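Atoms within each ligand, like the ligands themselves, are counted from 1 in listed order. Predicted, not measured: the structure shown is a model, and the values here were computed from it.
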Amino acid sequence: MCTLEKRGRLFLLTLTGDGEHRLNPTLLDTIRSAITQIRSDPSSSQSVLITTSHGKFFSNGYDLALAETHPPLRAVMSAKLRSLVADLISLPMPTIAAVTGHAAAAGFLLAMSHDYVLMRRDRGFLYMSELDIGLVLPAWFVAMIRAKVGSPAARRDVALAAEKITADRGLEMGIVDSSYGSAAETVVAAVKLGEEIVRRGADGHVYGRMRETLLREVLYTIGSDETASSGVRNSGSKL
Ligand SMILES: CCCCCCCCCCCCC/C=C/C(=O)SCCNC(=O)CCNC(=O)[C@H](O)C(C)(C)COP(=O)(O)OP(=O)(O)OC[C@H]1O[C@@H](n2cnc3c(N)ncnc32)[C@H](O)[C@@H]1OP(=O)(O)O
């Protein structure tokens, strides 16, 4: 599940517990209602969102096991994640992902859906695992990779080599903004960055509108991606 804490003008959204924080309908709904709560706060346009997690995982992606046992939930999970990411793109405040554990596939995408990515250096991978598990990346995932990963070689390594990317490798690739020695240091740094950003006093509504324009292609692809809830190759995936 997740908790939402207000620290001054920062909102700290934490994926709680020692599990893999698999993005199933329940967790996605919980995160989305936290975002709704943040958006309705009177101070929202003068705040910053920090998203982090407990345990070894930031998020290990969609709940594959649930998708296997309840195939109709594939489309539900896909639709809920797309709504969550669209919410994050339009949120009237800067967003920071404090990645303190593995972020795989949809979990990696969730981290990339934030404006800043801070990550612990000693543990944790950013890992688009789809190639390794026989799933085709949805077009909207690719749109986010294009928007957030600058070089063709880095995009190839993310999507077509399914590289397990450490924080320092993510720094080289331009995916990670800064890396830290531990989970605690990563969160402290995210709070410090959030406070610096809040002090700038920018209007969050202006910020959100500009982010929507910057990520217009992602928003368009989210809305039109008919492959979003399939993804499995004709030969069947190795799920
Ligand atoms: C179709 C079903 C989906 C339904 C959804 C709706 C429909 C959508 C259709 C489209 C689908 C396409 C998009 C799909 C998205 C998804 O999300 S699908 C789900 C995908 N999820 C996964 O595939 C899970 C991937 N995760 C993993 O493979 C592993 O969990 C992991 C991330 C690789 C972690 O493995 P684990 O063994 O647990 O790792 P550790 O034990 O922590 O570490 C392993 C070794 O690596 C060392 N290490 C860890 N971090 C670091 C570091 N930063 N630097 C250096 N070394 C590190 C660690 O010490 C370990 O080393 P040893 O101790 O020596 O083993």
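- Note on Arg169 versus Glu163: salt bridge recorded, some NZ/NE/NH1/NH2 to OD/OE distance being below 4.0 Å.
- Backbone and side-chain nitrogen or oxygen atoms of Arg123 are examined, and one is located within less than 3.5 angstrom of a nitrogen or oxygen of ligand 1.
- One option in Phe58, Phe125, Tyr62, Phe57 has a heavy atom closer to atom 48 (N) of ligand 1 than any other, and that option is Phe125.
- The shortest N or O to N or O distance between Ser78 and ligand 1 is not under 3.5 Å.
- Taking every heavy atom of Gly61 and a limit of under 4.0 angstrom, the matching atoms of ligand 1 come to 17 (O).
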I would like to know whether Asp168 and Ser179 meet side-chain hydrogen bond (donor to acceptor under 3.5 Å, both in side chains); could you show each step before the answer?
CA-CA 7 Å; Asp168 286 341; Ser179 64; 2.9 Å; yes
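- Residue-level proximity to ligand 1 for Asp63 is absent, since no heavy atom of it falls below 4.0 angstrom.
- Between atom 32 (C) of ligand 1 and the options Arg169, Arg82, Lys80, His102, the minimum heavy-atom separation is to His102.
- At a threshold of 4.0 Å, the pair Lys192-Glu196 counts as salt-bridged, since one of the basic side-chain nitrogens sits closer than that to a carboxylate oxygen.
- With values rounded to the nearest 0.5 angstrom, Ser182 atom OG is found 3.5 Å from Glu185 atom CD.
- Here Val136 has backbone heavy atoms under 4.0 Å from ligand 1, and that is the only part of it that gets that close.
- Salt-bridge formation is not detected for the pair Asp18/Lys56: no Lys NZ or Arg NE/NH1/NH2 atom is positioned less than 4.0 Å from an Asp or Glu carboxylate oxygen.
- Looking only at atom types and distance, the side chain of Tyr127 has a donor-acceptor partner in the side chain of Asp132 under 3.5 Å away.
- Using a 4.0 Å cut-off to heavy atoms of Arg121, the atoms of ligand 1 that qualify are 53 (N).
- Within the 4.0 Å heavy-atom criterion, neither part of Glu68 lies near ligand 1.
- Within the structure, ligand 1 lacks Val76 among the residues with a heavy atom less than 4.0 angstrom away.
- Contact annotation for Ala106 and ligand 1: heavy atoms of both the backbone and the side chain come within less than 4.0 Å of the ligand.
- Contacts between Ala167 and ligand 1, counted as non-hydrogen atom pairs separated by less than 4.0 Å, are absent for every part of the residue.
- The existence of a salt bridge linking Arg74 and Glu68 is confirmed by a sub-4.0 Å separation between a basic side-chain nitrogen and an acidic carboxylate oxygen.
- Aromatic pair Phe125/His102: ring centres closer than 6.0 Å.
- Numbered from 1 in the order shown, with element, the atoms of ligand 1 that lie under 4.0 Å from a heavy atom of Thr166 read 52 (C), 53 (N), 54 (N).
- Of all the atoms in ligand 1, the ones that sit under 4.0 Å from a non-hydrogen atom of Lys164 are 33 (C).
- Contact annotation for Arg74 and ligand 1: heavy atoms of both the backbone and the side chain come within less than 4.0 Å of the ligand.
- Under the 3.5 Å distance criterion, with hydrogens and angles disregarded, a donor-acceptor pair is assigned to the side chains of Ser78 and Arg82.
- Within the 4.0 Å heavy-atom criterion, both parts of Asn60, backbone and side chain, lie near ligand 1.
- Heavy-atom contacts of Ala67 reach the following atoms of ligand 1: 2 (C), 4 (C) (cutoff under 4.0 Å).
- With hydrogens and angles left out, the side-chain atoms of Ser43 and Asp41 include a donor and acceptor closer than 3.5 Å.
- Here's the thing with Gly124: one of its N/O atoms is less than 3.5 angstrom from an N/O atom of ligand 1.
- By the criterion of a heavy-atom distance under 4.0 Å, neither the backbone nor the side chain of Arg120 is placed next to ligand 1.
- Side-chain contact check for His114 and Thr51: at least one donor-acceptor pair (N or O, by modelled atom type) lies under 3.5 Å.
- Within the listing of ligand 1, atoms 2 (C), 3 (C), 18 (S), 19 (C) sit less than 4.0 angstrom from a heavy atom of Leu64.
- For the pair Ser129 and ligand 1, the shortest N or O to N or O distance falls below 3.5 Å.
- Of the inter-residue distances, the one linking Leu64 atom CG with Glu20 atom CD reads 9.5 Å to the nearest 0.5 angstrom.
- Side-chain contact, Asp115 with Tyr207: a donor N or O sits under 3.5 Å from an acceptor N or O.
- For the side-chain contact (heavy atoms from CB on, under 4.5 Å) with Met1, the lone residue among Thr26, Ile31, Leu15 that qualifies is Thr26.
- Contacts between Glu20 and ligand 1 below 4.0 angstrom, taking non-hydrogen atoms only, are absent altogether.
- When non-hydrogen atoms are compared, ligand 1 lies under 4.0 Å from the side chain of Arg22 (C-beta onward) but not from its backbone.
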